[in-house]
Amino acid sequence: MKVLVVGSGGREHVICYKLSKSSRVTELYCAPGNGGIAQIATCVDIKASEVDRIVSYAKEGKFDLVFVAPEDPLALGLVDKLEAEGIRAFGPRANAAIIESSKAFSKNLMKKYNIPTARYELFDDEKKALEYLETQPMPIVIKCDGLALGKGVIIAQTLDEAKDAVRSMMSDKAFGDAGNTVVIEECMTGPELTILAFSDGNTAVPMISSRDHKRVFDHDEGLNTGGMGAVTPGADLDDEDMASIQRKIIAPTIEALKAEGRPFKGVIYFGLMLTPEGAKVVEYNCRFGDPEVQAILPLLENDFMDVIDAVIDGKLADIEIRWRNKCSCVVVMASGGYPVKYEKGYEITGIDTCGKLVFQAGTALKDGKIVTNGGRVLCVYDEGDTLDEAIDGAYEGVKKISFKDAHYRTDIGRTLGNIPHIKA
Ligand code: AMP
Ligand code: GLY
C-alpha cells in the first residue's frame with residue numbers, strides 16, 4: 001500500500017513509525033513531516049492546512065490511504081474532500097471533527113445526551129457574560145469556543161481575573177474569531193486522565209489510559225504547553241472503572257454523534273477529570289493526543305494498518321486490539337523559552353546513540369545534520385514492567401541527547417505518585 005500521513009509532529013512520527021513496521025505498507029510519505037520522519041518516509045513539502053494541495057497530491061500519486069493526524073485539516077474538511085475524490089482517508093469528517101473545533105457544540109452535545117461534564121453557560125454577548133460572572137462562585141473557567149492551540153482556556157481565581165479573561169477573548173480578540181463565543185464553566189477538581197478510543201462510527205474501543213503533563217515546569221508550574229511528557233497507564237483503573245467510563249462517557253458520545261447525523265470515524269480523545277462525583281469530560285479532541293500517542297502506540301501489538309482498516313470499514317467489533325502488557329513513558333525535550341519565544345537551528349546530538357526510541361517533532365535536516373526547528377523538539381520513549389522502570393529508562397535517553405538551551409521536565413510520571421489509585 002502507498003500511504004500518506006498528514007502532519008509534522010511527534011504524533012506523526014510515531015504514526016509513521018508504526019506504519020513503517022506494517023507488512024502491508026510498501027511506500028510511506030508524510031506531508032510535511034520533519035527531520036526524524038524523513039528517515040523512515042518521504043517528506044513532501046505541503047503544509048497540513050493546505051488541504052486542496054494535499055487532495056491533488058494524493059490523487060495524482062494514486063495513494064491507497066491518507067491518514068490525517070492534526071485537528072486543523074480535519075476541521076477544514078480534508079477527509080470529506082479526499083472521500084469526494086474517491087481517496088480512502090483516516091480521520092473524522094468535518095461534521096464530527098467539530099467536537100474539537102467548537103467547544104460550544106461539544107458542551108451542548110454533552111448536555112443534550114447527559115454526558116457528565118462541568119456545568120456551563122455560553123455567551124456571544126460580552127455584557128451578559130460579565131453580568132453572569134457576578135453571580136458565580138470563584139474560581140471559574142473561561143474558554144473560547146474555537147481552536148486556539150490549547151491556549152484559549154483561563155482558570156480565573158478572582159472575579160477581576162474572570163472579567164479580564166472575558167474582555168480579552170471577546171473585545172480584544174486575543175484568540176481572533178475563536179473567542180466570538182465563550183464558554184463559562186464550573187471549575188472542577190481532581191486528577192486528569194486521557195482516554196483515547198478508536199471509533200468506527202458505531203463501536204468505540206478504548207486504548208490504554210494515559211496521562212499528559214501540560215505545564216512547562218516541574219510540579220505543574222508555568223504556562224500550559226502542548227504537553228511535556230506522558231505515561232501509560234495514566235491511572236490504576238480496574239475493570240469496573242473502565243466499564244463505567246465506557247458506559248457513561250465513551251459509548252454515549254459515539255451514540256450521540258451518530259444520532260446527530262455526525263458519525264465519528266477515527267480516534268476520539270476524551271480529556272477527563274476524575275472528580276469527587278466521578279469522571280467528567282473536560283474536553284474532546286478529534287484525533288490522537290500528542291504526546292500521549294507517542295507513549296501508547298509503541299505498545300500496540302496488532303498491525304496498525306489492520307486497525308486503521310477496521311475503523312474505516314466499520315469493523316472494529318470484528319477485531320481484537322491487543323496491547324503489550326508494559327508501562328511506558330515519553331519525556332519531551334523542548335527549546336529553551338518554549339512555549340513563548342525560542343531560537344531554532346541548533347544541532348542535536350545523541351539521537352541515534354541514546355539507545356531509546358526517539359520521536360521527533362520540531363526538527364529539520366540541514367546539511368546532513370538534525371537541527372532544532374520548533375518548540376517541542378523531540379520526545380524520548382521507554383517502557384518497562386513498572387512505571388518507574390519506564391520513566392528511568394526515558395530519562396537515561398534524555399541525558400544522552402543534547403542541543404543548546406534544551407529544556408525538559410524532570411518529574412514526568414511522578415507528579416501524582418507513580419500510578420495513582422483513583423476511582424472513576
Ligand atoms: P481544555 O483545552 O479544555 O482541555 O483545557 C485545558 C486545561 O484547563 C485542562 O487540561 C484542565 O487542566 C483545565 N481545565 C479546563 N476546563 C476545566 C474545568 N472546568 N475545571 C478545571 N480545570 C479545567
Ligand atoms: N496532549 C494534549 C493534546 O494533544 O491535545
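All ligand and atom numbering here is 1-based and tracks the order in the structure. Since we're looking at a predicted model, the values are computed, not measured.
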Contacts of type side chain to side chain donor-acceptor pair (under 3.5 Å), residue Thr253, not counting sequence neighbours
Tyr284
Side chain to side chain donor-acceptor pair (under 3.5 Å) partners of Asp306, counting only residues at least two apart
Arg24
Any idea which atoms of ligand 1 are less than 4.0 Å away from a heavy-atom of Lys143?
3 (O), 15 (C), 16 (N)
Pick one of side chain, backbone, both or neither for how Glu283 approaches ligand 1, counting any non-hydrogen atom pair under 4.0 Å.
side chain
If we set the cut-off at 4.0 Å for heavy atoms, which region of His213 has an atom near ligand 2: side chain, backbone, both, or neither?
neither
Please state whether Cys187 comes within less than 4.0 angstrom of ligand 1, counting heavy atoms only.
yes
Heavy atoms, side chains only, cut-off 4.5 Å: are Phe359 and Pro298 in contact?
yes
For His407 together with Tyr342, are the ring centres under 6.0 Å from each other?
no
Contact check: Glu283 vs ligand 2, nitrogen or oxygen atoms, below 3.5 angstrom:
no
If you measure every N/O of Asn285 against every N/O of ligand 2, is any gap under 3.5 Å?
yes
Polar side chain donor-acceptor pair, Glu134 to Tyr132, under 3.5 angstrom:
no
Closest by any non-hydrogen atom to atom 5 (O) of ligand 2: pick that one out of Arg211, Glu100, Glu292, Arg287.
Arg287
